[in-house]
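Right, one structure below, let's go through it.
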Amino acid sequence: MSKRYAAVAITRSGIRLALKLGARLDETEVFVYAKYSGGLEGRSGEITVFDGPVQALLLKLFGDYEGIILFFSLGAAVRLTAPLLRDKRTDPAVIVIDERGEHVISMLSGHLGGANRLTLQIAELLGSHPVITTASDVQGTFAVDLLGREYGWRADSFIPMKAVSAALVNGEAVALVQESGERSWLPPGAELPGHVRLFASRAELQESGLSFSAAIFVSDRLAEGPGEVPGENQGEKQDIAVPAECTVVYRPRSLVLGLGCNRGTSAEELEAVVRHTLNKLRLSFNSVRNVATAGIKGDEAGLLALCAKYSWDLVLYTPEQLNTVELDSPSEVVFRATGAYGVCEPAALLSSGAPTLLQPKLKSGNVTIAVARVVYSEEMEGSV
């Protein structure tokens, strides 16, 4: 896919407007109907002339572009796209613009597909009125299925999203427990609704004695037993007065792995140590942000393969940087090999900004590992 957006127009007025948008919205390819193309056939690059059923064209565009911009009536757009819809997590954003360019309508995939954001952008470019109907946007609050998306947060499951979203927009009591992760996740201009109660920990939620229709947990911790929300692949029951089917769990990218290893250690051995260590600490594998280590390990094939597999950054430090961290047990052996008195512990602390470790240096086979939690300084808007 060479472009992100496809603009489709089938009338003379629509084509003129589509060409105008194509010139202003980067990464947009304009598709125009041959009958009214007016000599555009000879132009190349970002304009494609088509002659055939519109639905056949849309079938191809749905799989190739992240945003489809249609310059015809909303009714026609609904009829043409309905047979193409599969899943809100994979369907592209669909925007509808009337032929006079007066209204830009977010029709499909408003949240996950980015149609609402794209609608606002296009409306500004064309001087049009944006039309957005999703409840969370209308109410000026946040969308449950987009929580922390810009930070790479991952939901353990999308199954409870609908129930939690319904509770949020219908004004029911919702508990929001944030134990880790970025604090500035509220969209610009949005506010935390009065019926959403913010807690700093699961213990604080339990101690409140309050009942809620739904809950959102933002945490890198796995459940440890009764009274806590189930984590990934966990089956514990809750006694915090929140139905399990109305509980969404988000994993922020809040953990840093300090790793050291012998030369030639395999990615499989490294991953096994990481998983075992995090499980022992009751921390989520999905919350790993990055790996940190000594610069001498920058070409270690196993480390590179592990980071590539999970899209983790590999952060490297010089011996001088590592030696700025005071260690309880500096190692002369490590110093002779690397020029630093420690690798995994100081690397984890430097990368995370944390004052202490969740897991001090632990050796397992050819691997040494330390774990730290990222420190975030920003405050959440609307927090209590």
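Computed over heavy atoms, backbone and side chain alike; hydrogens, waters and symmetry mates excluded. Sequence positions, counted from 1, serve as the residue numbers for this chain.
- Not a single donor-acceptor pair under 3.5 Å links the side chain of Gln321 to the backbone N or O of Val325.
- Side-chain N or O atoms of Asn323 include one that pairs as donor or acceptor with a backbone N or O of Pro319 at under 3.5 Å.
- Defined by atom type and a distance below 3.5 Å, a donor-acceptor pair is present between the side-chain atoms of Asn262 and Asn366.
- The ring pair (Phe, Tyr, Trp, His ring centres under 6.0 Å) analysis of residues 73-105, with sequence neighbours excluded, yields the pairs His103-His129.
- Residues satisfying the side chain to side chain donor-acceptor pair (under 3.5 Å) test with Gln359, not counting sequence neighbours, are none.
- Applying the ring pair (Phe, Tyr, Trp, His ring centres under 6.0 Å) test to pairs two or more places apart or on separate chains, those with a residue in residues 336-371 are Phe335-Tyr341.
- Scanning both residues, Leu70 and Ala77, for their nearest heavy atoms gives CD1-CB, 3.8 Å.
- For Arg289, the side-chain contact (heavy atoms from CB on, under 4.5 Å) criterion is met by Arg253, Val256, Ser351, Val374, not counting sequence neighbours.
- For Lys60, the salt bridge (charged side-chain N to carboxylate O under 4.0 Å, His left out) partners are Asp64, not counting sequence neighbours.
- Residues Leu327 and Leu362 do not share a hydrophobic cluster, defined by chaining ILVMFWY side chains whose heavy atoms lie under 4.5 Å apart.
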Donor-acceptor list for residues 14-25 side chains, cut-off 3.5 Å, not counting sequence neighbours:
unit_1	atom_1	unit_2	atom_2	d
Arg16	NH2	Ser13	OG	3.4
Arg24	NH1	Leu125	O	2.8

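- At least one donor-acceptor pair closer than 3.5 Å links the side chain of Arg251 to the backbone N or O of Ser219.
- Taking His276 as the reference, nothing meets the ring-ring contact (aromatic ring centres under 6.0 Å, His included) condition, with sequence neighbours excluded.
- Panel note: side chain His195, backbone Leu168; a donor-acceptor pair is recorded below 3.5 Å.
- Between Val288 and Trp312, the closest side-chain pair of non-hydrogen atoms falls below 4.5 Å.
- Leu59 pairs by the side-chain contact (heavy atoms from CB on, under 4.5 Å) definition with Leu84, not counting sequence neighbours.
- Side chains of Ser208 and Arg197: a donor-acceptor N/O pair is absent below 3.5 angstrom, by distance only.
- Hydrophobic clustering, with ILVMFWY side chains joined whenever heavy atoms are under 4.5 angstrom apart, groups Tyr5 together with Ile97.
- Residues satisfying the salt bridge (charged side-chain N to carboxylate O under 4.0 Å, His left out) test with Lys309, not counting sequence neighbours, are Glu271.
- Here the shortest heavy-atom pairing between Ser266 and Glu269 reads OG-N, 3.1 Å.
- Around CZ of Arg263, the count of heavy atoms belonging to other residues, nucleotides or ligands within 6.0 Å exceeds 12.
- Remark: Glu150 engages no residue in a side-chain contact (heavy atoms from CB on, under 4.5 Å) (not counting sequence neighbours).
- Closest of all the heavy-atom pairs between Thr119 and Pro130 is CG2-CB, 3.9 Å.
- In this structure a side-chain-to-backbone donor-acceptor pair under 3.5 Å is missing from Arg79 to Leu74.
- Not one N or O on the side chain of Asn170 forms a donor-acceptor pair closer than 3.5 Å with the backbone of Glu172.
- Counting all heavy atoms, side chain and backbone alike, Pro92 lies closest to Ile68 at CG-CG1, 4.0 Å.
- Considering all non-hydrogen atoms of both residues, Ile369 and Leu257 come closest at CD1-CD2, 4.5 Å.
- Here the side chain of Ser364 pairs no donor or acceptor atom with the backbone of Val367 at under 3.5 angstrom.
- Under the 3.5 Å distance criterion, the side-chain polar atoms of Tyr250 are matched with a main-chain donor or acceptor of Val144.
- Criterion: ILVMFWY side-chain heavy atoms under 4.5 Å apart, direct or through other members. Under it, Val334 and Leu303 are not part of a common hydrophobic cluster.
- Screening residues 360-373 for salt bridge (charged side-chain N to carboxylate O under 4.0 Å, His left out) gives Asp220-Arg373 as the qualifying pairs, with residues at least two apart or on separate chains.
- Residue Ala7 comes nearest to Phe71 through the heavy atom pair CB-CE1, 3.8 Å, listed as atom of the first residue, atom of the second, then distance.
- Within the 4.5 Å cutoff, the side chain of Asp51 has no heavy atoms near those of the Val49 side chain.
- With a 6.0 Å radius and a threshold of 12 heavy atoms from other residues, nucleotides or ligands, Asp328 has its CG atom at or below the threshold.
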#### Entry: Tyr151 and Ser254: CA distance, side-chain angles, deciding distance, side chain to side chain donor-acceptor pair (under 3.5 Å) verdict
CA-CA 10 Å; Tyr151 301 119; Ser254 55; over 6 Å; no
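- At least one side-chain heavy atom of Val248 sits less than 4.5 Å from a side-chain heavy atom of Pro160.
- A heavy-atom distance below 4.5 Å is found between the side chains of Gln178 and Trp185.
- With sequence neighbours excluded, the residues forming a side-chain contact (heavy atoms from CB on, under 4.5 Å) with Val54 are Ile10, Phe50, Leu58, Phe72, Leu80, listed by chain and number.
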### Task
Please assess Thr265 against Glu300 for the test side chain to side chain donor-acceptor pair (under 3.5 Å), listing each intermediate value before the final yes or no.
CA-CA 8 Å; Thr265 302; Glu300 190 68 53; 5.5 Å; no
